[in-house]
Amino acid sequence: MYHHIKKLMYTVRIGTPDPRFGNMLLEQFGGANGELAAALQYSIQGLNCEDPARKDLLMDIGTEELSHLEIVGTLARMHLKPMKTAREAAEADPLVAIAGGGGVTLCNSMGNAWTADYLKVTGELDVDLRSNIAAEARAKIVYERLINFCDDPGTKDALQFLMTREITHLKAFMAALESMGKDPLVIGLIQPTPGIVEQFYNDSTGEGDDGETDERGPWNEGDDIEFIEGPAQPIAAATEEEVTKEIHQAARRTSAKSSRTKSKRA
Ligand code: MN
Ligand code: MN
């Protein structure tokens, strides 16, 4: 159930409206890393979530993001409003001015319509939490860029609030993922193929015009990594028996896991 209170989560005051900046703000209203995308991503993940504690987390943050949408929409509207009547302001964004009357719509700063394709919802809680950690990091950096391009103290203040909350969410999603106690390399149930999983292919080779060469680091060297000189060679496919065996083992792991969950609940 949703309930609206006729107050903003954070008070917004601006100086002189800046229609061009209002257009940039739309990125966080109807853009890929914006507040609507965040609100819906977490809330829809919450609907799919069978872990009551983490479902509560997803619904708490998803709902807060709706309040952020209201703040950023109000802020953008304040900056875009002069477009409705002033020709000079209208030139900052003819689409918003002519089609939208200086109001906010669910478009990004380039006028592209918001799309559900922005949402990352996999139905696998740990995988979803990783997407959310990345989403919060993206939202943080977009707010930072908006702050850097903004010269109005009141607008900056509201953006600073919104940016700060994304770090709070980042921390909460990280803690939720960590508290699941999962090995970060174990995703789902089917095991990766031994041998292949340890190989690092040096597929970018040669020397670049600016002296770029092959680099080594913890991602391609270490006891559990086999460094393979490129170009990568064709790999023999697993046999039908190997694939069938792995599928059967994964099915056994699934039924063992679900009977453990059932006995925990009983
Ligand atoms: Mn937010
Ligand atoms: Mn957030």
Worksheet item: Are more than 12 heavy atoms from other residues, nucleotides or ligands located less than 6.0 Å from atom CD of Glu221?
Response: yes
Worksheet entry | Members sharing Ile133's hydrophobic cluster (side chains within less than 4.5 Å) | Tyr42, Leu57, Leu58, Ile61, Leu125, Leu129, Ile167, Leu170, Phe173, Met174, Leu177, Met180
Worksheet item: Are the side chain of Asn220 and the backbone of Gly217 linked by a donor-acceptor contact shorter than 3.5 Å?
Response: yes
Item to complete: To the nearest 0.5 Å, tell me how far Asn23 CG sits from Met110 CE.
Response: 8.5 Å
Worksheet entry | Salt bridge present between Arg87 and Glu91 (N-O < 4.0 angstrom) | yes
Name every donor-acceptor pair, under 3.5 Å, that has one atom in a side chain of residues 204-211 and the other anywhere in the protein, sequence neighbours excluded.
none

Fill in: Heavy-atom side-chain proximity of Arg165 to Tyr10 below 4.5 angstrom
no
Worksheet item: Any donor-acceptor pair under 3.5 Å linking the side chain of Arg54 with the backbone of Cys49?
Response: no
Worksheet item: If you round to the nearest 0.5 Å, how far is CG of Leu75 from CG of Leu26?
Response: 10.5 Å
Worksheet, complete the sentence: Nearest heavy-atom approach of Pro19 to Ala92 is CB-CB, 4.0 Å
Worksheet item: For the atom pair CG (Leu80) and CG (Asp93), what is the distance rounded to the nearest 0.5 Å?
Response: 7.5 Å
Worksheet entry | Phe29 side, atom CZ; Leu69 side, atom CG - distance, nearest 0.5 Å | 4.5 Å
Practice prompt. Answer yes or no: is there a donor N or O on one side and an acceptor on the other, between the side chain of Asp152 and the main chain of Ile14, under 3.5 Å?
Written response: no
Discussion item. With heavy-atom distances below 4.5 Å as the criterion, would you say the side chains of Val72 and Val104 are in contact?
Written reply: no
Worksheet entry | Minimum heavy-atom distance between Ala76 and Gly22, given as atom pair plus value | CB-O, 4.1 Å
Discussion item. Keeping Glu198 on the side-chain end and Gly195 on the backbone end, is there a donor-acceptor pair under 3.5 Å?
Written reply: yes
Worksheet entry | Spatial distance of atom CZ (Arg145) from atom CD (Gln28) [nearest 0.5 Å] | 11.0 Å
Worksheet item: Quick one: does Ser43's side chain have a donor or acceptor within less than 3.5 Å of a partner on Leu40's backbone?
Response: no
Worksheet, complete the sentence: Interatomic distance, NZ@Lys182 vs CD1@Ile187, rounded to 0.5 Å, equals 6.5 Å
Practice prompt. Would you check if the side chain of Glu27 reaches a backbone N or O of Ser109 as a donor-acceptor pair within less than 3.5 Å?
Written response: yes
Item to complete: For atom CD of Glu178, decide whether the heavy atoms of other residues, nucleotides or ligands shown that lie under 6.0 angstrom number more than 12.
Response: no
Item to complete: Dump the intermediate steps for side chain to side chain contact (heavy atoms under 4.5 Å, CB included) on Asn33 and Ile141, then the final yes or no.
Response: CA-CA 10 Å; Asn33 306 306; Ile141 203 68; over 6 Å; no
Worksheet item: Considering residues, nucleotides and ligands other than Asp223, do more than 12 of their heavy atoms fall under 6.0 Å from its CG?
Response: no
Discussion item. Test of understanding: clusters of I, L, V, M, F, W, Y form through side-chain heavy atoms closer than 4.5 Å, transitively. Do Phe200 and Ile196 belong to the same one?
Written reply: no
Item to complete: Compare all side-chain heavy atoms of Glu166 with those of Glu35 and state whether any distance is below 4.5 angstrom.
Response: yes
Worksheet item: Just wondering, are more than 12 heavy atoms of other shown residues or ligands nearer than 6.0 Å to NZ in Lys156?
Response: yes
Fill in: Heavy-atom closest contact (Cys150 atom, Phe21 atom, distance)
CB-CZ, 3.5 Å
Discussion item. Keeping Arg77 on the side-chain end and Gly102 on the backbone end, is there a donor-acceptor pair under 3.5 Å?
Written reply: yes
Worksheet item: Would a hydrophobic clustering, with Ile, Leu, Val, Met, Phe, Trp and Tyr connected at side-chain separations under 4.5 Å, put Phe149 with Met163?
Response: yes
Discussion item. Could you tell me if the side chain of Phe161 sits less than 4.5 Å from the side chain of Thr164, heavy atoms only?
Written reply: no
Item to complete: Could you pull out the closest heavy-atom pair between Ala97 and Ala90, with the gap in Å?
Response: CB-CB, 3.5 Å
Fill in: Residue pair His3 / Ile5, side-chain heavy-atom distance below 4.5 Å
yes
Worksheet item: Can you tell which of Lys140, Glu64, His68 makes a side chain to side chain donor-acceptor pair (under 3.5 Å) with His169?
Response: Glu64
Practice prompt. Would you please say whether a donor-acceptor pair under 3.5 Å links the side chains of Asp128 and Thr122?
Written response: yes
Worksheet item: With no hydrogens and no angle check, is any side-chain donor or acceptor of Gln41 less than 3.5 Å from a backbone partner on Lys120?
Response: yes
Fill in: Lys/Arg N to Asp/Glu carboxylate O, Lys245 vs Glu241, below 4.0 Å
no
Item to complete: Decide side chain to side chain contact (heavy atoms under 4.5 Å, CB included) for Arg216 and Asp214; before the verdict, give the C-alpha distance in whole Å, the side-chain angles of both, and the deciding distance to 0.1 Å.
Response: CA-CA 7 Å; Arg216 302 304 295 265; Asp214 286 340; 5.8 Å; no
